[in-house]
Every structure is written in C-alpha cells, then in structure tokens.
Amino acid sequence: MAGLDDVFGALFSNVDAVVLFGPSGSYYERVTAIDDLDVVVVSTENDVGAETFVELPLEFDEVAERIRFGLEGALEQGIIEGGDELACATSVFSDEIDTVSRVRANANAQTGIYDLFAKSRPEPEVIKAVLELAIELGKKGQKGKPVGALFVVGDAGKVMNKSRPLSYNPFEKSHVHVGDQIVNVMLKEFSRLDGAFVISDAGKIVSAYRYLEPSAEGVDIPKGLGARHMAAGAITRDTNAIAIVLSESDGLVRAFKAGEIILEVDPEAY
Ligand SMILES: Nc1ncnc2c1ncn2[C@@H]1O[C@H](COP(=O)(O)OP(=O)(O)OP(=O)(O)O)[C@@H](O)[C@H]1O
Ligand SMILES: [Mn+2]
C-alpha cells in the first residue's frame, strides 16, 4: 500500500539540487551529509559557511518572490541551469524550514529582479521601496484616475546635472526618505505633476519636477512607449542610476537599467 512518502516524495525525488532558504547551521549540515547531493544556500548572509551560496539583498516575505529571486541569482551565477529540477526548502510559518516546493529553473523566464536588486548602485531597500510605491500607485491611481510617474534612483548628482527644474522643488533642503509613509503620500500627490523624481542611492528625495535631458543616442525602447520611457531609458544609459516608471497609458511598471528595460510588472497582478 502506498504511504504519504510515496506522495510527498515526488516533491524531491530525482532533483538536480536542493536549495535551502535561510537554513540553520545544523539543518545545513544534515542536508550536506547526504551523499551525491548538490546543495545551494540562499540567504541574506552566509552564516552557515555554505560552499554554494546566493546572497539575498533583502528578505522577501512572499515565498514565490523569495524562490524566484534565489533561482534567478543561482542561474545568473551559473550554479544551476535552465531545466534543472529543484527542491526549494524554505520557512513560511516559523523560523524553521517547513515547506518544500519543487520548481523547474526556467532560464527564459528571468524577470531581471536579481540583476535589478543585487547589481545596481542604489541600496536594495531603496529600490524595493520605490518599486512598491510605483506598484501601489499603479493599483490605485491618484483619486481614482490612472497616473504615470518616473523615479530616477541613484547617482543623483549626475542625474541632477543632466536635468533641469520644471518648477519649484518641494524637497529642496528637506531630508526625507522614500519608504516613509508620509513621504510616500507626498510622492503620490506630486506624481500628478510633470517631470521626474530624483532619489539618491540611500533613498533621500533630492527633487521632484525634474525634466531629464540625457543624451538619448543609442537608446532603443519598445514602440508605443513615449517620452517618459525614453527619458528613463536614456538617463540610465547616461548615468549609473536606475529608473522605475509607471505608465499612465498601459498601467505597467517598468524598471530600466543601462538603457534597457529589465523588469516589467503589472500592478494588478501583484
Ligand atoms: N524628459 C523628460 N523628463 C521628465 N519627465 C518627462 C520627460 N518626458 C516626458 N516626461 C513626463 O512624462 C509625461 C508623459 O509623457 P509621454 O506620454 O510622452 O510619455 P509616455 O512614455 O507615453 O508615458 P505614459 O505611458 O505614462 O503615457 C509627461 O507629461 C511628462 O510629465
Ligand atoms: Mn503617453
């Protein structure tokens, strides 16, 4: 008679590797003691001294995001390959590993989220705060109407040199940071007006209402996207900033880096 092992065993039978998300030292040791098993650790810090390690730049509360991020990082580092079957072990309800997901690595479905967070100049927390703000703004709009917004994050000195004010800067001489609830309300309010927000590597709001004037030479963005997206692409080619754009017309949030769109999310699906 078949037992539960036969049913749940399918979750981890014949996997190419086991991916442990934030394991304790003893858990890691128990798994590495198993013969002929590739073990990958994904965590904010390699405190278990794992040989094969992918660093999470921040905690992802959503399990699907955490796993997607870890696998994109592992693919990027050449630790796993597209098509690999992986048993991803992570904690959902406690501090200990309590969940196993079987996932097939898909090299073609890279969202770019790893590249955006782990390999950009601004701090990961800042990128996350801006991305969440743009998604929230996209979900709700402003007073029920769809809005667009452009956030240029990082390398702020250079971004300021390649832009000019469209109006009085409400953030002049202020020392406020993105992610703060009150600041987010202000940013949403100002998003109805023209131009871009400029945010520093550490998340300080440097300016609103900036008209970006980067060189757009060699910047290729999909047809149908207009001046806001062109400016976003161009400023990230011309500086080490990244740009996060909410489109007023199609409602999508896109992240640009080095002149390219590296992430596209539908706020409604988030
Ligand atoms: N160079 C720029 N710098 C800063 N903001 C800009 C720039 N160009 C356009 N914008 C802003 O983008 C807004 C929308 O412009 P446009 O419709 O051409 O862009 P778009 O890429 O089609 O964006 P959307 O999808 O939101 O319509 C403008 O009203 C302006 O506020
Ligand atoms: Mn438009």
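Every number for a ligand or one of its atoms is a count from 1 in the order of the listing.
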Could you list the atoms of ligand 1 found under 4.0 angstrom from a heavy atom of A231? 1 (N), 2 (C)

State the atoms of ligand 1, each with its element, that fall below the 4.0 Å cut-off from a heavy-atom position in E248. 24 (P), 25 (O), 26 (O)

Looking only at protein heavy atoms, which one is nearest to atom 27 (O) of ligand 1, and how far off is it? S249 OG, 3.1 Å

Taking N or O atoms only and a 3.5 Å limit, does A227 qualify as a polar contact for ligand 1? yes

Assess the side chains of R254 and S247: does a donor N or O sit below 3.5 Å from an acceptor N or O? no

Name of the residue among V176, N184, I182 meeting side-chain contact (heavy atoms from CB on, under 4.5 Å) with D180: I182

Decide side-chain contact (heavy atoms from CB on, under 4.5 Å) for T239 and K162; before the verdict, give the C-alpha distance in whole Å, the side-chain angles of both, and the deciding distance to 0.1 Å. CA-CA 9 Å; T239 69; K162 291 183 183 286; 4.0 Å; yes

Measure up the F256 and H229 rings against each other and bin them: parallel (under 30°), tilted (30 to 60°), perpendicular (over 60°). tilted

Take E268 and K139 through the test salt bridge (Lys or Arg N to Asp or Glu O under 4.0 Å) and record every step on the way to the result. CA-CA 6 Å; E268 297 302 337; K139 263 190 195 149; over 6 Å; no

Output field: ring centroids F190/F171 closer than 6.0 Å: yes

Would you please say whether a donor-acceptor pair under 3.5 Å links the side chains of Y114 and Q77? yes

What protein heavy atom sits nearest atom 11 (C) of ligand 1, and how far away is it? R228 NH1, 4.0 Å

Looking only at protein heavy atoms, which one is nearest to atom 7 (C) of ligand 1, and how far off is it? Y211 CE1, 3.9 Å

R102 atom CZ, over 12 foreign heavy atoms within 6.0 Å: yes

Within-cutoff protein neighbour (heavy atom, under 4.0 Å) for atom 1 (N) of ligand 1: yes

Starting from atom 21 (O) of ligand 1, which protein heavy atom do you reach first, and at what distance in Å? H229 ND1, 2.6 Å

Do any nitrogen or oxygen atoms of L212 lie less than 3.5 angstrom from nitrogen or oxygen atoms of ligand 1? yes

Name the option, out of L193, L150, D194, that contains the heavy atom nearest to atom 28 (C) of ligand 1. D194

R30 to Y27 six-membered ring, cation-pi geometry met (6.0 Å, 45°): yes

Does the N or O separation between D250 and ligand 1 drop below 3.5 Å for any pair? no

For S247, atoms of ligand 1 separated by under 4.0 Å from a heavy atom: 24 (P), 25 (O), 26 (O)

Taking the non-hydrogen atoms of R210, is any one of them nearer than 4.0 angstrom to ligand 1? yes

Looking at ligand 1, does any of its N/O atoms fall within less than 3.5 Å of an N/O of G195? yes

